Amino acid sequence: MGRDVPALVFTREDRRRYREKMHTCLDVLAQMLRESTFESELPRVGLEIELNLVDADGLPAMRNTDVLQAIADPAWSSELGRFNLEINIPPRQLTTGGPGAWEQAIREALNHAEERASAVGAHLIMVGILPTLAETHVDETALSGDPRYRLLNEQIFAARGEDLRITVDGVERLSTYADTITPEAACTSTQFHLQVSPKDFASYWNAAQAIAGVQIALAANSPFLFGKELWRETRIPLFEQATDTRPQEIKAQGVRPRVWFGERWITSVFDLFEENVRYYPALLPLCDDEDPQQVLDGGGAPELGELTLHNGTIYRWNRPVYAVTDSGPHLRIENRVLPAGPTVADIIANGAFYYGLTRALVDEDRPIWTRMSFSVAEENLHTAAQDGIDARLYWPGVGEVPVTELVLRRLLPLAHRGLELAGMDTSWREPMLGIIEQRCVTARNGALWQAETVHHLEKGGIADRYEALRRMTRTYMDYMHLNAPAHTWPVD
């Protein structure tokens, strides 16, 4: 939810007008999908990375306002917590430049920001959940100053009517309550964007859903939360619980959560926006002045502001995005399943695997989503989040197998083929997908390294868990800056 919103109190009239406006937007979108031309001839990819801020000791630094002022770049913005930032990397065609061009651009942007942040006493770290984060760091004072976050917090708790319960059973067990949505700020992700045409959207979204579990297993990087070792990708259950507007009785009635995998394969992007309007009450019923039907009838591209704002408060793991640029309206998929980090090299490898594999699956004669039930795809996601690179996942034709075997034998060749179809020759593909291959060969990723390093420190005599986490975090940052993929990091 990237829009700025004023601090205000919503009336029943506001909610009625907003609902009517959303239905108008939905009707206009349906007409556009039938009649309009969407920008898709030269599809582009995009990337957002959420980061944490720490001090020199590796502890959370509540300094995002100071750091943003120091960076002074519109590509950077605040996130939910004062210890969060986000960078929006400019979109590009997948094959723009040469091997390493995208990676180099990202590294330069991050290095520049780190230099500016360090001048005000903070440092950037790319990690799914900041290991040194404690419950005392996520109270109401940790919410970013932007009014939209406090308004969102108020609306979620007004809908719930009670505190949030966060419970995760993993290697260890966490059970706690929160009276703000600030624990959500612990979840920092990498978000890959893929622009697609309306006619291809359903196929690409279905493919992205089918491989979400595989993505998480390979890239898990969030094993610790509030001092506890939990799931390998604890971001998944934390995010699902930290933004849940449903009290227990509403859950028992089968009301859908706002963090949602979905419930079916789709046939059109319209299915997703229509579900949003049909199933979810508005959290932020703010109406624009635009008359979308009038804009469309006049030959323009309407912003569909109410529909897109509402969409931004429903946290699908693969979210549909409608946007208008100087080139006209376009559609894209926002892939939200992956954690931040550990390195830019790892992120680029994850992106190559995602873009290549979805392209190849879409081009198959018998699509994967006709051979796999939707519920199995969702089960894969949670199994992968719990077990990480050691997960066993289901795949049609092979059954339940170790994810490393599945990737090496089946999916990595498909990812190569998909990137080749996109115009990448072997010299471009090998450095990126080679990282994925070696992750599988070594069965190592960021989550495993974090857990093993903490265990090593504790066996070496560091009795205090937070001290072990602090030392691990400092070492993590050193390796992050070296940009060597996480499967190569030693445990010492």
Side-chain angles (χ1 to χ4, degrees), residues 49-73 75-87 107 109-146 149 178 180 182-190 221-229 234-235 238 339-344 446-447 449-451 453-454 457-458 462-483 486 489:
I49 305 173
E50 298 169 347
L51 302 98
N52 288 284
L53 293 172
V54 295
D55 61 20
D57 293 323
L59 301 176
M62 307 294 174
R63 303 289 303 279
N64 65 355
T65 300
D66 298 334
V67 172
L68 283 172
Q69 290 175 349
I71 295 173
D73 184 335
W76 290 84
S77 61
S78 65
E79 266 296 321
L80 179 63
R82 293 185 183 274
F83 54 92
N84 297 146
L85 289 180
E86 179 179 84
I87 182 171
R107 290 191 69 190
L110 293 176
N111 288 339
H112 170 75
E114 168 64 19
E115 181 182 347
R116 294 294 183 90
S118 63
V120 296
H123 302 277
L124 306 179
I125 177 172
M126 296 188 300
V127 63
I129 293 176
L130 180 60
T132 55
L133 198 69
E135 288 189 63
T136 54
H137 295 129
V138 291
D139 60 16
E140 189 172 1
T141 65
L143 276 175
S144 283
D146 192 312
Y149 299 119
T180 73
T182 317
E184 180 199 334
C187 306
T188 40
S189 65
T190 298
N221 195 33
S222 314
F224 294 99
L225 173 64
F226 301 156
K228 303 281 190 179
E229 183 180 356
T234 307
R235 263 180 60 255
L238 175 60
T343 66
V344 175
W449 181 88
Q450 288 190 51
T453 300
V454 167
L457 289 167
E458 289 177 333
I462 306 298
D464 180 73
R465 169 61 63 84
Y466 272 104
E467 176 60 16
L469 289 168
R470 189 192 68 79
R471 294 193 187 192
M472 180 271 286
T473 300
R474 289 293 306 140
T475 304
Y476 179 107
M477 293 174 65
D478 291 340
Y479 288 136
M480 179 189 75
H481 286 297
L482 291 176
N483 202 36
W489 294 6

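Note that the structure is a prediction, hence the values are computed from the model and not measured.
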Take Phe83 and Leu133 through the test side chain to side chain contact (heavy atoms under 4.5 Å, CB included) and record every step on the way to the result. CA-CA 10 Å; Phe83 54 92; Leu133 198 69; 3.9 Å; yes

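- By the side chain to side chain contact (heavy atoms under 4.5 Å, CB included) test, Glu114 pairs with Ser118, His123, Leu124, His481, sequence neighbours left out.
- Listed by chain and residue number, Leu457, Ile462, Glu467 satisfy the side chain to side chain contact (heavy atoms under 4.5 Å, CB included) test with Arg471 (two or more places apart in sequence, or in another chain).
- Atoms CD and OG, on Glu86 and Ser77 in that order, are 4.5 Å from each other to the nearest 0.5 Å.
- Residues Trp449 and Thr475 are in side-chain contact: their nearest non-hydrogen atoms beyond the backbone lie under 4.5 Å apart.
- When all heavy atoms of Asn64 and Gly81 are compared, the closest pair comes out as ND2-O, 3.2 Å.
- Listed by first and then second residue, the salt bridge (charged side-chain N to carboxylate O under 4.0 Å, His left out) pairs that reach into residues 131-140 are Glu140-Arg150, sequence neighbours excluded.
- Under the 3.5 Å distance criterion, the side-chain polar atoms of His137 are matched with a main-chain donor or acceptor of Ala134.
- Atoms CG and CZ, from Asp57 and Arg474 in turn, are 8.0 Å apart once rounded to the nearest 0.5 Å.
- For the pair Tyr479 and Pro342, the minimum side-chain heavy-atom distance is 4.5 Å or more.
- Between Asp73 atom CG and Arg116 atom CZ the span is 9.0 Å, to the nearest 0.5 Å.
- Side-chain contact of Thr188 with Asn52: a donor-acceptor pair under 3.5 Å is present, judged by distance alone.
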Under the side chain to side chain contact (heavy atoms under 4.5 Å, CB included) criterion, do Leu143 and Leu80 qualify, and how do the steps go? CA-CA 6 Å; Leu143 276 175; Leu80 179 63; 3.5 Å; yes

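- For the atom pair Met62 CE and Ser144 OG, the distance stands at 10.0 Å (nearest 0.5 Å).
- Residues Thr473 and Phe224 are not in side-chain contact: their nearest non-hydrogen atoms beyond the backbone lie 4.5 Å or more apart.
- Thr182 pairs by the side chain to side chain donor-acceptor pair (under 3.5 Å) definition with Thr180, not counting sequence neighbours.
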Side chain to side chain contact (heavy atoms under 4.5 Å, CB included) between Tyr476 and Asn221: does it pass, once the steps are laid out? CA-CA 11 Å; Tyr476 179 107; Asn221 195 33; 2.9 Å; yes

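- Judged by distance alone, the side chain of Asn483 and the main-chain N or O of Val344 form a donor-acceptor pair under 3.5 Å.
- Rounded to the nearest 0.5 angstrom, Ile87 CD1 and Glu79 CD are separated by 13.0 Å.
- The side chain to side chain contact (heavy atoms under 4.5 Å, CB included) search around Asn111 returns Arg107, not counting sequence neighbours.
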Could you list the donor-acceptor pairs under 3.5 angstrom formed between side-chain atoms of residues 65-72 and any protein atom two or more places apart in sequence or on another chain?
| residue | atom | partner | partner atom | Å |
| --- | --- | --- | --- | --- |
| Asp66 | OD2 | Arg63 | NE | 2.8 |
| Asp66 | OD2 | Arg63 | NH2 | 3.2 |

